[in-house]
Amino acid sequence: MTAPLHDTNAAQTAAVDVAADVPAKAIEGRSPWKIAWVRLKRDKVALAGGVVVLFLILVAVFAPLIVSAFGHPPNDFHEDKIDPLFGTPIGSFGGMSSDFLLGVEPVNGRDVFSRLVYGARISLLVAFLAALFAVALGTVFGIIAGYFGGWVDAAISRVMDVLLAFPQLLFIIALVSVLPNSLWGFSGSGVRIGALIVVIGFFGWPYVGRIVRGQTLSLREREYVEAARSLGAGRAYILFKELLPNLVAPITVYTTLMIPTNVLSEAALSFLGAGVKPPTASWGQMLSKAKEYYEADPMFMIAPGVAIFVTVLAFNLFGDGVRDALDPKGSR
Amino acid sequence: MTIPEQASSSPSPSSPSPSPEPLLRVSGLVKHFPIKKGVLQRQVGAVQAVDGLDFDVRPGETLGVVGESGCGKSTMGRLITRLLEPTKGKIEFEGRDITHLGTGQMRPLRRDVQMIFQDPYSSLNPRHTVGTIISAPFKLQNITPEGGVKREVQRLLELVGLNPEHYNRYPHEFSGGQRQRIGIARALALKPKLVVADEPVSALDVSIQAQVVNLLDDLQDELGLTYVIIAHDLSVIRHVSDRIAVMYLGKIVELADRKALYESPMHPYSKALLSAVPVPDPRSKHKRERILLKGDVPSPISPPSGCRFHTRCWKATDICTTREPVLTALKTGHQVACHHAENAPDQAPQSSAVLETAREAIAIVDVTPPAAGAGTAESGGTAPAGTEDSSKE
Ligand SMILES: Nc1ncnc2c1ncn2[C@@H]1O[C@H](COP(=O)(O)OP(=O)(O)O)[C@@H](O)[C@H]1O
Ligand SMILES: [Mg+2]
């Protein structure tokens, strides 16, 4: 610094510095969310994924309407569509026709299209609620561990380690076998769905917790936290007003990427017989049944398989896009 | 909201009255950060970041604090703003002991003591608008400024030289210098009496450092502020400081009026720091030499015995390795902690044999500007600042 400090030039350049990158009209600030939205809109792949996700959600929500318009009640038997000798659907491609859009189930002849549409409900309901549950637990414990540190952090981190090492699949299968038929006013499938949500969510929170903890650890060292403290801010203000707004982006990203994992978990559990109870339709259960007929009736396996694949792919593409939009420089 | 009273009595920072009641008095201040290991979190040592500071800050003055990075300046700043809990010692603000006040008891005092931070990219929350950031002080202190919060935010923006219509913008839409101005506006919102600025310009482009320093200087005159400005070399603060404290490894080694420090530094370390500062008048024909300290700053976990500077000092003798020099006034208003102070009678004449290692402690570099053209020597002063590693931080 050779320039003499008290210099009229400095004052003038100061004025220039202030005016330089400030166009006169645009006063409205571009919030980080707005910028992310603009970026997301430019990402065609992510948008396509988002459209499919939206479509799937609509299908799940309006399942009864869709089925009444294009199909048959999901649990109705249509034995007239079944070859009594082999138990397989009559006609090609699993009995596809204008009446049964995706054919019928072997043996009992239930409408595959209807069961697929209703299966979307279970799949998405479990995936979303389990993700919300995991995110809620993970955020609370992650923030506490990261912000308070010390033995609190040590305790929470150990619990997370244990949960991550836990053989959750075996645990869930064991748990399901001892679940009562009705619990707190829920019965049958209700209990199973609730159990799936709680269990998948519970084993998912350490993943969120780790990420939130790491982010909090780095965020709490930012000088704006010190600045808030130097203005008299208490813990609650710092946690909710300073740290949480900066955690929303990584949490959003992780939630969107967690949903497809949960879809797969639900399908796997249903496939193994630990999911919802028949006759309630679910994709995993359909797959499980289809494996017995895959040679005679491959169509019955393709339908739920494609549904799972498309759902997982769409959520992943959308989630990746959200991540890139919110966090263009990678993990920061 | 009025300008603090004591400050308005001495608005001119260049001539602080000799001994008014100090605004801030620090005595024996110590901060050790424990180093813990293992599952049981047993303490195995301590970072002696600040190890016994004594100084006053007088109303209306600017106290500059300099020293290489890692010598405890930021820790000192965070202690006197009570962002950190002192290990030992005493901090008095306007005669009131604030050493161990809790968050709640400190809250009303936060209005009077504010801080400007080093990194403008980390000191503003990226998810908040400038309006939210500058109005946070009012919200947190439950104050409604006259004319409303928005009006006051706009006034503050204008005060620091920013467009008052930009309160809806986000930090990422501003340059480093502008962000630092926002940080300054936030610090001044509550009309504090004391402002601690921790390396307020070291993260900025050299070309805009002067602007921000000048802004701080102008605001001091306008609002009657008292400053503690921290810097890692003398070039930034030499114009604005009334007094300067030189720190080395958690201790103050010299504390003097700016003029006295510049004209006759007593501590060898101060002399080395000063030699790195470009001369104000590049046409001066004086022979200039830079004293380059060799070696690294020792670790504050196990600082050297005796005088902490003896491992890098070219005047070190036996006594320096064993007895710690005390900060004493060798002239009025000029305190130094050195057994063999420059520009003053030797404090330990009995120990005169310079240590072997001391002979290789420094390198002297001639940086006298070429005698010929005065105009071309303009850029001659851009010697790297401070000691070898002080430019990074
Ligand atoms: N929170 C902390 N925990 C442990 N050590 C710390 C902490 N803050 C600072 N230190 C250590 O204290 C010493 C002084 O740091 P600091 O005050 O930041 O120095 P400066 O601001 O002069 O560069 C350094 O060695 C640093 O590593
Ligand atoms: Mg520092």
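Order of the sequence lines fixes the chain letters, A, B, ..., with proteins taken first and strands second; residue numbering starts at 1 for each chain. Remember, it's a predicted structure, so these values are computed and weren't measured experimentally.
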The interface call for B/L83 against chain A, heavy-atom contacts under 4.5 Å, is both
If you tally heavy-atom pairs under 4.5 Å between each of B/I116, B/L124, B/T103 and chain A, the highest tally belongs to B/L124
- Query: Does any non-hydrogen side-chain atom of A/E226 lie less than 4.5 Å from one of B/M115?
  - Reply: no
Turns out that what part of B/P126 lies under 4.5 Å from chain A's heavy atoms comes down to both
Rounding to 0.5 Å, atoms CZ (B/F117) and CZ (A/R222) come to a distance of 14.5 Å
Rounded to the nearest 0.5 angstrom, the CZ-CG distance for A/R229 and B/L84 is 7.0 Å
The interface call for B/V113 against chain A, heavy-atom contacts under 4.5 Å, is backbone
- Item | Main-chain N/O of A/N246 paired with B/R127 side-chain donor or acceptor, under 3.5 Å | no
### Message
Check whether B/H128 reaches the backbone of A/K241 with its side chain - one donor and one acceptor, N or O, closer than 3.5 Å.
### Response
yes
Look only at the side chain of A/E242 and the backbone of B/N125, and say whether a donor-acceptor pair between them is shorter than 3.5 Å. no
To the nearest 0.5 Å, atom CG of A/L231 lies from atom CZ of B/R111 at 11.5 Å
Heaviest contributor of heavy-atom pairs below 4.5 Å to chain A, chosen from B/A187, B/G183, B/P137, is B/P137
Whatever's closer than 4.5 Å to a heavy atom in chain A on B/T129 counts as neither
Cut-off 4.5 Å, heavy atoms of chain A, and the answer for B/K139 is side chain
If one checks every heavy atom of A/L219 against chain B at 4.5 Å, the contacting part turns out to be neither
Nearest heavy-atom approach of B/S123 to A/Y224 is O-CB, 3.4 Å
Note to self: I'd like to know if the side chain of A/E223 and the backbone of B/D119 have a donor-acceptor N/O pair within less than 3.5 Å.
What the structure shows: yes
Quick check on A/K34: does its NZ atom have over 12 non-hydrogen neighbours (other residues, nucleotides or ligands) under 6.0 Å away? yes
Under 6.0 Å from the CZ atom of A/R210, do we count more than 12 heavy atoms belonging to anything else shown? no
If you tally heavy-atom pairs under 4.5 Å between each of A/P245, A/S31, A/S230, A/G234 and chain B, the highest tally belongs to A/S230
Bottom line for A/A249: the part with an atom under 4.5 Å from chain B's heavy atoms is side chain
